[in-house]
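Comments concern the structure below.
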There are 2 protein chains.
Amino acid sequence: MIAEALHQYFPKLATMPALRQDLIAISKVITLKAGTVILKQGEYVKVIPLMLQGLAKVFKEEENGNEVLLYYIKPGESCIMSVTTLLRNGASKVKAVIEEDSEIVVIPADKALEIARKYPKWNEFVYELFNVKFEELLNVIKILTFSNKDIRLLEYLKKEATLKGSKILHTTHQHIAYDLGSSREVISRLLKKLENEGEIILKQGTIEVL
Amino acid sequence: MIAEALHQYFPKLATMPALRQDLIAISKVITLKAGTVILKQGEYVKVIPLMLQGLAKVFKEEENGNEVLLYYIKPGESCIMSVTTLLRNGASKVKAVIEEDSEIVVIPADKALEIARKYPKWNEFVYELFNVKFEELLNVIKILTFSNKDIRLLEYLKKEATLKGSKILHTTHQHIAYDLGSSREVISRLLKKLENEGEIILKQGTIEVL
DNA sequence: ATAGTTCTGTAACTAATGTTACTGCTTTCT
DNA sequence: AGAAAGCAGTAACATTAGTTACAGAACTAT
């Protein structure tokens, strides 16, 4: 049931009865397969998603097609860019893609605006999420500025392992290169270096984070 | 007068009479000299500033003392990190420094919380500012990921020229290096390159952006 | 099983950035 | 004017990252 799921993953929103009732009334739960693009860069925001199960990735795209992973959307979170972009009625500056099959509460854009006006609790939720994601961006900038790619790569692998709940990552070097905005050869070289340093173990199609 | 200043730079907050009155009642205007640190990394937020005149810079500090410029606070803006950090009652993750002598409306932290609760307009203001700064961070990440330092440097110089309202920047290579988290020698080399490409003119202590 | 595809390893080279070391030019202070 | 301090220029080298070009390993499908 959606009420239980909200309680479990969105306690801030679900503990207030009126807000919870409204949310349940206007939203629906959908299931999305890995690979689904839930928000395109340049697109207008039509829904606000609340992630119940699964994982999504948010990217910044460059003009010529390259992209960088900015942060993840995990259970208990929403797409903060959708929320604030909706309020400003602007176009999305990022792209969001489902990474693992996901279950998502979907709130229509217009209804979400009503909720925001009606319930200060919603603002609290948004502020907190905003702050978390802002800090994640700060951290990306810090690493990009002061660390070499091998550090960035290792942090990425650790984060992936944590969020996916497994030390063994099923991915390819090419895929990592896309996420980090680098090239496959560079990633292969750095992964080999990390393996030699005893941080990871490489196998075909999998990386084990130690 | 503070009322006029609010009207001019913070129309979103000042057009609502009750909100404007409350703001004027609880805040005071202060003047700060260039170089003043208004928020330290790790410090708790005591005030929310509204910038009337001048310019401030916001930095992310690294463990060993290095820092990168994240974005500016210009007239009509506040320190978004102060606002959201205050709401979460956490420690600041950034450092803010006055860049040009500034005139600032200062709202005590506890009063700011009341304002936020009482006036949805305040939230609108915060959301908009948040979105703007978020996008600026996205842009920094994009440039750090996909561009070389010369591009980053040139964008920095153009931004400085715009915000300071002068094509002639009074700064040193060392100072730029601090802002961009690089070394003086690298910046000197790249500046010389930009000069050869006809983008800027270098003189002792000044850089003219063409 | 074998042919095709995808993934990985790696060498060799280029380009970009960081580091070290030193020189000379300005500005400022007395 | 002369000394000191701060600023800029630059060469030489080291390290890191990106690119090109293959080769071989491992998986997939018929």
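Atoms considered below: every heavy atom in the structure, side chains included; atoms not considered: hydrogens, waters and symmetry mates.
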Under the criterion side chain to side chain contact (heavy atoms under 4.5 Å, CB included), I'd like the reasoning laid out for I73(B) against L55(B): C-alpha separation, chi angles, the key distance, then a yes or no. CA-CA 6 Å; I73(B) 302 174; L55(B) 191 66; over 6 Å; no
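- Sorted by first and then second residue, the side chain to side chain donor-acceptor pair (under 3.5 Å) pairs involving residues 194-210 of chain B (not counting sequence neighbours) are K192(B)-E195(B).
- Each of T171(A) and Q204(B) was assigned the nucleotide of DNA chain C with the nearest heavy atom; the assignment lying further toward the 5' end belongs to T171(A).
- With a 6.0 Å radius and a threshold of 12 heavy atoms from other residues, nucleotides or ligands, K111(B) has its NZ atom at or below the threshold.
- The nearest pair of heavy atoms linking A177(B) to S183(B) is CB-C, 3.6 Å.
- With sequence neighbours excluded, the residues that form a side-chain contact (heavy atoms from CB on, under 4.5 Å) with N123(A) are Y127(A), N123(B), Y127(B).
- With sequence neighbours excluded, no residue forms a side-chain contact (heavy atoms from CB on, under 4.5 Å) with T162(A).
- By the side-chain contact (heavy atoms from CB on, under 4.5 Å) test, K93(B) pairs with E135(A), L138(A), K60(B), M81(B), sequence neighbours left out.
- In this structure, the CD1 atom of I187(B) is 8 Å from the P atom of dG18(C), given to the nearest Å.
- Here dT8(C) presents its P atom at 12 Å from NE2 of H175(A), a figure rounded to the nearest Å.
- The C1' atoms of five pairs define one axis at each end of the helix from dA1(C)-dT30(D) to dT30(C)-dA1(D), and these two axes lie 30° apart (to 10°).
- Residue L190(B) contributes atom CG, which lies 13 Å from atom C1' of dA15(C) at whole-angstrom precision.
- Around OH of Y178(B), the count of heavy atoms belonging to other residues, nucleotides or ligands within 6.0 Å does not exceed 12.
- Counting to the nearest Å, the P atom of dT5(C) and the CD atom of Q174(A) are 18 Å from each other.
- Screening residues 63-74 of chain B for side chain to side chain donor-acceptor pair (under 3.5 Å), with sequence neighbours left out, gives K142(A)-E63(B), E62(B)-N64(B), E62(B)-N66(B), N64(B)-N66(B), E67(B)-K95(B), Y72(B)-E160(B), K74(B)-E77(B).
- Residue contacts shown for T172(A) are limited to sugar-phosphate atoms, with no base heavy atom under 4.0 Å away.
- When the ring pair (Phe, Tyr, Trp, His ring centres under 6.0 Å) test is applied to Y9(A), no partner is found at least two apart in sequence or on another chain.
- For F134(A), the ring pair (Phe, Tyr, Trp, His ring centres under 6.0 Å) criterion is met by F130(B), not counting sequence neighbours.
- Contacts between residues 140-150 of chain A and DNA chain D, defined by a heavy-atom separation under 4.0 Å, are made by N148(A), K149(A).
- Think of the region where chain A sits on DNA chain D: with heavy atoms and a 4.0 Å cut, that region ends 5' and 3' at dT16(D) to dA26(D).
- Of the possible donor and acceptor atoms, one in the side chain of R20(B) sits under 3.5 Å from a partner among the backbone N and O of A14(B).
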Protein-nucleotides 9-13 of chain C N/O pairs closer than 3.5 Å?
residue	atom	partner	partner atom	Å
dG9(C)	OP1	K192(A)	NZ	3.2
dG9(C)	N7	R184(A)	NH1	3.0
dG9(C)	O6	R184(A)	NH2	2.8

Compile the donor-acceptor pairs under 3.5 Å between side chains in residues 23-40 of chain A and protein atoms, sequence neighbours left out, one pair per line.
residue	atom	partner	partner atom	Å
S27(A)	OG	L23(A)	O	2.5
T36(A)	OG1	K33(A)	O	2.6

